[in-house]
Q: 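The structure that follows is given in the form of structure tokens.
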Amino acid sequence: MSEKVLRILVAKPGLDGHDRGAKIIARALRDAGFEVIYTGLHQTPEMIAETAVQEDVDCVGLSILSGAHMTLFPRVLNLLRTKGAGDVPIFGGGIVPDEDITELKQLGVKEIFTPGASTKQIVEWIRENIQPRA
Amino acid sequence: MSSGDAARKIDSKRIRPMHATISGLEIDECYRAADARGVVGEPGQYPFTRGVYPSMYRGKTWTMRQFAGFGSAADTNARFKYLLAQGGDGLSTAFDMPTLMGYDADHARAEGEVGREGVAVSTIDDMSVLFDGIRLDEVTTSMTVNCSASVLLAMYLVVGERQGCSWEKLGGTIQNDMFKEFIAQKEWICPPEPSLRIVTDMIEFCTREVPRWHPVSISGYHIREAGSTAAQELAFTLADGIGYAQAAVERGLDPDEFGPRLSFFFNVHNDFLEEIAKIRAARRMWARIMRERFGAKTDRACLMRTHAQTSGVSLTAQQPTNNVVRVTVQALAAVLAGVQSLHTNSLDETLALPSQEAVTVALRTQQILAEESGIVNTVDPFGGSYAIEALTDRMEHEAQAYIDRIDAMGGIVRAIELGYPQAEIADAAYSFQQATDGGEYITVGLNGYTMAEDRKLEIMKIDRAIEGEQRARVMAFKAAREPRQVAKLIEGVRSAAVEDRNLMPAVVEAVRGGITVGEISDVYRQVFGVYQDPATI
């Protein structure tokens, strides 16, 4: 795919301050040739959805290690839908138990990466699964 | 994936030397007497390289202090009582994200986060329930809370009063290390300058009013977990300590009075020798900092007492039983390094908050080291080892270079504003991730010795109903107060903040009268402003 470079929003929703993973992913995606926008910490779902729309991104990656994923992931999904950006795929990473992953995928989250996932794996997943939005 | 074969080939594109610590520090094939030149000295004597007490664990073993907190105050109170009944001898409180960020459970920003990764405390009633049936003059308590620490300390003092314990008898530690929040853990309310003012108020207040309390625990733990090297952890922690001591001296406090109230908290990571060396170097460096930089005259002001915790990020979700072995090796390093208290992580912590079963194994790990291994019988058994002494010198040298750089920038507040420690840590974290992804650093079960797994651990689940219950409790508590009295107490905190008086007396009075964590934090937000994450990658 030599046409458009993917624009990816890496976001930290909620009060969680653990940003090691988000920063590593942001840097790895940038090094892999994507355009990366990092929100910084302590973002509300509203702020993330707003940034996603304004920056016209091709997908949103959410990082949560505080256990609030079952509230914050669905909130971002819904807000994107109300803003007419329901086609923007969401993926995520963090400490998320298996049964929550199943539920989140049913709600529309495309993929969740858990502790131990390599940056290569995530880059490959994006290359295979994310296309530039029309 | 194959095991480490690829990693063992010589490769010019390697990120790390072949024989290096986990931090990338190259290690010699063999150390000899000429390599170990630092001051070793005697245990219990300046500069305390060999330990802070002459007899160390022969007199008293370290305090086994397991960090705990989840759900409601009543849930965590039950876990506290369980840990004490199992032979744990100090409490350590984990608060939930809203409490840590200064929001009450009924705030919109608390939604989805109440009680999930720590205990929810908004009101003095929550705090009373948390310590119900535990005499606060009979235990020591550690509280991991930072930007809202002034409120939680005030609550602890008021709960003590209600139990009939005088403040002089309350012993414990509140983390209250805001510098490392900006550097690594990243829970904050206001910017660095006013944050330092609040910390200094607490150091001043405790030095005078709560003499057995440690008002700050200068923490390398989170710096390391955020991805720093061992030398960076050591350097930034000491630089933070210098920042607090400098502020206390500028406040007019005597280093011999506040020095003994400062405590420390280090990570114990995978690399056994490097970790022992790091903590030995930390003691020696801090002793010299207090004596030479701040002019402390007494040994008590120069000796570094430290808590340690095994490394959370070193644990794997894959083959989680192996984590017990990692924790054992790390705990052994902590004890051989002479720490004063220790938390051992549970094997399931990469998956969820620890289950009671997992916590029990973690505590038993410490008890096995203390009772069965024999290492408590002699002080600093590695003292004089060429390798350990050479590495201790090396850690000191590496850390000193960072401290010199931070001094040249104008001190730690300026360095944080410039984003210097943050960038150093982010670089180290990324380079370690590359080394892992490239197979240069092998983690068993993760990128080597992998296997298909079907066994699932039983993990602890937090009941989602807790949030609604806690929100209702907080709202009922607030509704039952007398509004004029509430306004008066909040104004008391505001005027102390604006007029630059020590905040603690007003905060204690406010808490006694029912003002909440969120309400006092709101005053800080209004008076001091809110810090924004620079959001650099």
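Chain letters run A, B, ... following the sequence lines, proteins first and then strands; every chain starts at 1.
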Q: Please give me the minimum heavy-atom distance between A:Ile95 and A:Pro115, naming the atom from each residue.
A: CG1-CG, 4.2 Å
Q: Considering only heavy atoms, which portion of A:Glu99 lies under 4.5 Å from any heavy atom of chain B: side chain, backbone, both, or neither?
A: side chain
Q: Pairs in or reaching into residues 528-537 of chain B: which pass side-chain hydrogen bond (donor to acceptor under 3.5 Å, both in side chains), with residues at least two apart or in two chains?
A: none
Q: So what's closer than 4.5 Å to chain A heavy atoms on B:Ala226: side chain, backbone, both or neither?
A: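 Just the backbone, heavy atoms under 4.5 Å.
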Q: Go through the side-chain N and O atoms of B:Arg326 and B:Asn323 and say whether any donor and acceptor fall under 3.5 Å apart.
A: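 Result is yes, a qualifying pair exists.
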Q: Taking atom types as modelled and ignoring hydrogens, do the side chains of B:Glu469 and B:Ser72 form a donor-acceptor contact shorter than 3.5 angstrom?
A: no
Q: Under 4.5 Å heavy-atom distance to chain B, tell me which part of A:Ala28 shows up: side chain, backbone, both or neither.
A: both
Q: Hey, could you give me the CZ/CG distance between A:Arg20 and A:Leu65, rounded to the nearest 0.5 Å?
A: 11.0 Å
Q: Based on non-hydrogen pairs under 4.5 Å, which of B:Ala426, B:Ala110, B:Gly445 is most in contact with chain A?
A: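 Among the listed options, the one with the most contacts to chain A is B:Ala426.
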Q: When only pairs under 4.5 Å are counted, which of B:Gln185, B:Glu117, B:Glu187, B:Met97 shares the most heavy-atom pairs with chain A?
A: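 Heavy-atom pair counts peak at B:Met97.
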Q: With a 4.5 angstrom heavy-atom cut-off, which part of B:Pro98 approaches chain A: side chain, backbone, both or neither?
A: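 Both backbone and side chain.
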Q: Could you go step by step and tell me if A:Asp19 and B:Lys186 meet the salt bridge (Lys or Arg N to Asp or Glu O under 4.0 Å) rule?
A: CA-CA 8 Å; A:Asp19 61 357; B:Lys186 304 189 178 171; 2.9 Å; yes
Q: Can you list every ring-ring contact (aromatic ring centres under 6.0 Å, His included) pair that touches residues 21-76 of chain A, not counting sequence neighbours?
A: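 Residue pairs passing ring-ring contact (aromatic ring centres under 6.0 Å, His included), neighbours aside: A:His42-B:Trp188.
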Q: At a heavy-atom separation under 4.5 Å, does B:Val114 approach chain A through its side chain, its backbone, both, or neither?
A: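 Nothing of B:Val114, per the 4.5 Å heavy-atom cut-off to chain A.
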Q: At a 4.5 Å cut-off on heavy atoms, which part of A:Thr71 comes close to chain B: side chain, backbone, both, or neither?
A: side chain
Q: Please determine, among B:Leu315, B:Leu100, B:Asp427, the option with the most heavy-atom pairs under 4.5 Å with chain A.
A: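 Looking at each option in turn, the highest pair count goes to B:Asp427.
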Q: The test is salt bridge (Lys or Arg N to Asp or Glu O under 4.0 Å); show your working for A:Asp87 and A:Arg133 and say whether it passes.
A: CA-CA 8 Å; A:Asp87 60 324; A:Arg133 288 170 76 218; 3.0 Å; yes
Q: Just give me the residue among A:Leu41, A:Asp16, A:Asp98, A:Asp31 that pairs up with chain B most often, heavy atom to heavy atom, under 4.5 Å.
A: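 Counting heavy-atom pairs under 4.5 Å, the top option is A:Leu41.
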Q: Sort A:Thr114 into side chain, backbone, both or neither according to what part of it lies under 4.5 angstrom from a heavy atom of chain B.
A: neither
Q: Tell me, for B:Leu351 versus chain A, whether the close heavy atoms (under 4.5 Å) come from the side chain, the backbone, both or neither.
A: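 The answer is the backbone of B:Leu351.
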Q: Please rank A:Lys23, A:Met70, A:Arg27 by heavy-atom pairs under 4.5 Å with chain B and give me the top one.
A: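 Counting heavy-atom pairs under 4.5 Å, the top option is A:Arg27.
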Q: Without swapping roles, check the side chain of B:Arg525 against the backbone of B:Gly102 for a donor-acceptor pair under 3.5 Å.
A: yes
Q: Treating A:Asp58 as the side-chain partner and A:Ile8 as the backbone partner, does any N or O pair qualify as donor plus acceptor under 3.5 Å?
A: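 The answer is no, because no donor-acceptor pair under 3.5 Å joins these two groups.
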Q: Could you tell me which portion of B:Phe432 (side chain, backbone, both or neither) has an atom closer than 4.5 angstrom to a non-hydrogen atom of chain A?
A: side chain
Q: Apply the test side chain to side chain contact (heavy atoms under 4.5 Å, CB included) to residues B:Phe236 and B:Ile425: give CA-CA distance (whole Å), side-chain angles for both, the deciding distance (0.1 Å), then the verdict.
A: CA-CA 10 Å; B:Phe236 299 151; B:Ile425 295 167; 4.0 Å; yes
Q: Taking A:Pro97, A:Ser66, A:Gly21, A:Ala22 one by one, which has the highest count of heavy-atom pairs under 4.5 Å against chain B?
A: A:Ser66
Q: Less than 4.5 Å to any heavy atom of chain A: does that hold for the side chain of B:Glu467, its backbone, both, or neither?
A: neither
Q: In terms of heavy-atom pairs under 4.5 Å with chain A, which of B:Pro534, B:Ala317, B:Ala184, B:Gly112 leads?
A: B:Gly112
Q: Check whether B:Glu111 gets within reach of chain A through its side chain, its backbone, both or neither, counting any heavy atom under 4.5 Å.
A: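 Backbone plus side chain of B:Glu111, per the 4.5 Å heavy-atom cut-off to chain A.
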